[in-house]
Protein chains: 2
Amino acid sequence: MKFDDKIPIYYQIKQYIYKEIIINHLTPGSKVPAVRQLALDLAVNVNTVQRSLRELISEGVLESQRGKGNFVTTNPEILNNLRKNIVEEQLSLMYDHLASLQLTPDEMIQALTEYVNKRKETHHG
Amino acid sequence: MKFDDKIPIYYQIKQYIYKEIIINHLTPGSKVPAVRQLALDLAVNVNTVQRSLRELISEGVLESQRGKGNFVTTNPEILNNLRKNIVEEQLSLMYDHLASLQLTPDEMIQALTEYVNKRKETHHG
DNA sequence: CTTTGTGTACTAGTTTTCTAATACACTATA
DNA sequence: TATAGTGTATTAGAAAACTAGTACACAAAG
């Protein structure tokens, strides 16, 4: 896994696990790979993984069972909000950045529309 | 100035100066506040400011005149691309994040539209 | 009870970011 | 020439993030 060196690795791992849950690579109630295995897979230290998991557990996204493993929550409320929260966080980040450049909401939507169209063309060519 | 503790301060200062130029608080050819003054204003160390400026200078966004100050470039090409590049960087970041959550481009536009509408309502109330 | 696989805790150490202090170089002004 | 204001460079150190190794706790299976 490649990391952005401007953002703490533990934080990027959290985001990664959120995404794995959201896109159903990790299903509710299923077991997350063992911390040592995750550390190998992601090529980081066990403690860095552990820090990510600790926060996910405290948020209720994962549930720890000592000696058994960490499991994706089956709590419907948490699961339902997960995707919504992550998407909204991204939108909010972009909104704030572009608003500080004095773009209006309409200009943002237009800019995004043009951007995705440009990407479509590029990927066709 | 408040900083996001997950991103290097020197990098956030760079972004801040980009924005100041884009929204014309710093005009082409004008003098950027002295490094020591900037350090005071932003409540960070001179060297942290200096690192930001060094990169901006190497990018051609600022031009250094030893003993006189740092000045916003008057190079039209650099100035014209500045806003475009920053906006596109934000769009790209959001696009990649949401694409990894399996949102389609159309869903992104819809999500953004809903988000800005929600913000309008909130700000009205 | 032993072994294996798991999460957790602790201590130490490296790396990066940021801070701090200082010295030096150039410009303008008098 | 002296002084003040500016950018630049260097060195050292502090703080935070990350790594590394080890030990311990719990569960399951034999």
Side-chain angles (χ1 to χ4, degrees), chain A residues 1-18 20-21 26-75, chain B residues 1-18 20-21 26-75:
Chain A
M1 180 167 175
K2 57 163 181 29
F3 295 106
D4 180 340
D5 67 4
K6 293 199 186 53
I7 302 173
I9 292 178
Y10 84 91
Y11 190 80
Q12 296 182 64
I13 293 175
K14 272 186 71 177
Q15 301 292 320
Y16 167 73
I17 294 175
Y18 283 137
E20 289 293 293
I21 296 173
L26 290 172
T27 55
S30 70
K31 187 172 165 307
V32 172
V35 285
R36 290 170 181 78
Q37 187 59 47
L38 263 180
L40 282 177
D41 293 347
L42 303 174
V44 299
N45 189 271
V46 178
N47 298 310
T48 307
V49 171
Q50 183 62 20
R51 174 159 182 190
S52 309
L53 297 190
R54 194 189 314 138
E55 295 199 1
L56 290 166
I57 290 164
S58 77
E59 293 169 9
V61 174
L62 299 183
E63 290 168 5
S64 172
Q65 296 185 31
R66 196 178 189 118
K68 299 174 76 174
N70 292 306
F71 299 82
V72 179
T73 184
T74 54
N75 181 317
Chain B
M1 181 169 174
K2 55 161 184 28
F3 295 105
D4 179 342
D5 67 4
K6 294 198 186 53
I7 303 175
I9 290 178
Y10 84 90
Y11 191 79
Q12 296 182 63
I13 293 175
K14 272 187 70 177
Q15 302 291 321
Y16 167 73
I17 294 176
Y18 283 137
E20 288 293 294
I21 295 173
L26 290 172
T27 55
S30 69
K31 187 172 167 305
V32 173
V35 285
R36 292 170 181 78
Q37 187 59 49
L38 262 181
L40 282 177
D41 293 348
L42 303 173
V44 300
N45 188 272
V46 178
N47 299 310
T48 307
V49 171
Q50 183 61 19
R51 174 161 183 189
S52 309
L53 297 189
R54 195 190 313 138
E55 295 198 1
L56 290 167
I57 290 164
S58 78
E59 293 168 10
V61 175
L62 298 184
E63 291 168 4
S64 172
Q65 295 185 32
R66 195 177 189 120
K68 298 175 74 176
N70 292 304
F71 299 82
V72 178
T73 184
T74 54
N75 183 317

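Here the structure is a predicted model, which is why all the values come from computation and not from measurement.
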(message) If you go through the side-chain atoms of Arg36(B), does one of them form a donor-acceptor pair with the base of dG7(D) closer than 3.5 Å?
(response) yes
Tell me: [atom1] of [X] to [atom2] of [N], nearest whole Å?
X	N	atom1	atom2	answer
Arg66(B)	dA28(C)	CZ	C1'	16 Å
Leu40(A)	dA20(D)	CG	P	12 Å
Arg54(A)	dA17(D)	CZ	P	12 Å
Leu42(B)	dT19(C)	CG	C1'	15 Å
Asn45(B)	dT10(D)	CG	P	17 Å
Phe3(B)	dC18(C)	CZ	P	9 Å
Asn70(A)	dT6(C)	CG	P	11 Å
Leu38(B)	dG5(D)	CG	P	17 Å

(request) For the pair Gln12(A) (side chain) and Asp4(A) (backbone), establish whether a donor and an acceptor sit closer than 3.5 Å, ignoring hydrogens and angles. (result) yes
(message) Strictly distance-based, threshold 3.5 Å: is any side-chain N or O of Ser52(A) a donor or acceptor partner for the main-chain N or O of Tyr10(A)?
(response) yes
(message) Please compare Val32(A) and Gln12(B) by the position of their nearest nucleotide in DNA chain C and report the one closer to 5'.
(response) Val32(A)
(request) Indicate yes or no: at least one non-hydrogen side-chain atom of Leu56(A) is less than 4.5 angstrom from one of Ile17(A). (result) yes
(message) Would you say that Val32(A) contacts Phe71(A) through its side chain, given a criterion of any heavy-atom pair below 4.5 Å between the two side chains?
(response) no
(request) With rounding to the nearest 0.5 Å, note down the distance linking CD1 in Ile13(B) to CG in Leu38(B). (result) 8.0 Å
(message) Working to the nearest 0.5 angstrom, can you tell me the gap between Arg51(B) CZ and Ile9(B) CD1?
(response) 11.5 Å
(message) Go nucleotide by nucleotide along DNA chain D from the 5' end; which of Gly67(A) and Ser64(B) gets its closest nucleotide reached first?
(response) Ser64(B)
Write down the protein N/O and nucleotide N/O pairs, taken from nucleotides 14-17 of chain C, whose separation is under 3.5 Å; answer none if there are no such pairs.
none

Compare side-chain N and O positions of [X] against OP1 and OP2 of [N] and report whether any pair is under 4.0 Å apart.
X	N	value
Lys68(B)	dC26(C)	no
Thr48(A)	dA17(D)	no
Asn47(B)	dT19(C)	no

(message) Just to be sure I understand the rule, does Val44(B) reach a base, reach only the sugar-phosphate, or reach nothing, if contact means heavy atoms closer than 4.0 Å?
(response) sugar-phosphate
(request) Could you work out which one of dT8(C), dC26(C), dG7(C) sits closest to the side chain of Gln50(A)? (result) dT8(C)
(request) Answer yes when Lys14(B) and Glu59(B) have at least one side-chain N-carboxylate O distance shorter than 4.0 Å, and no when they do not. (result) yes
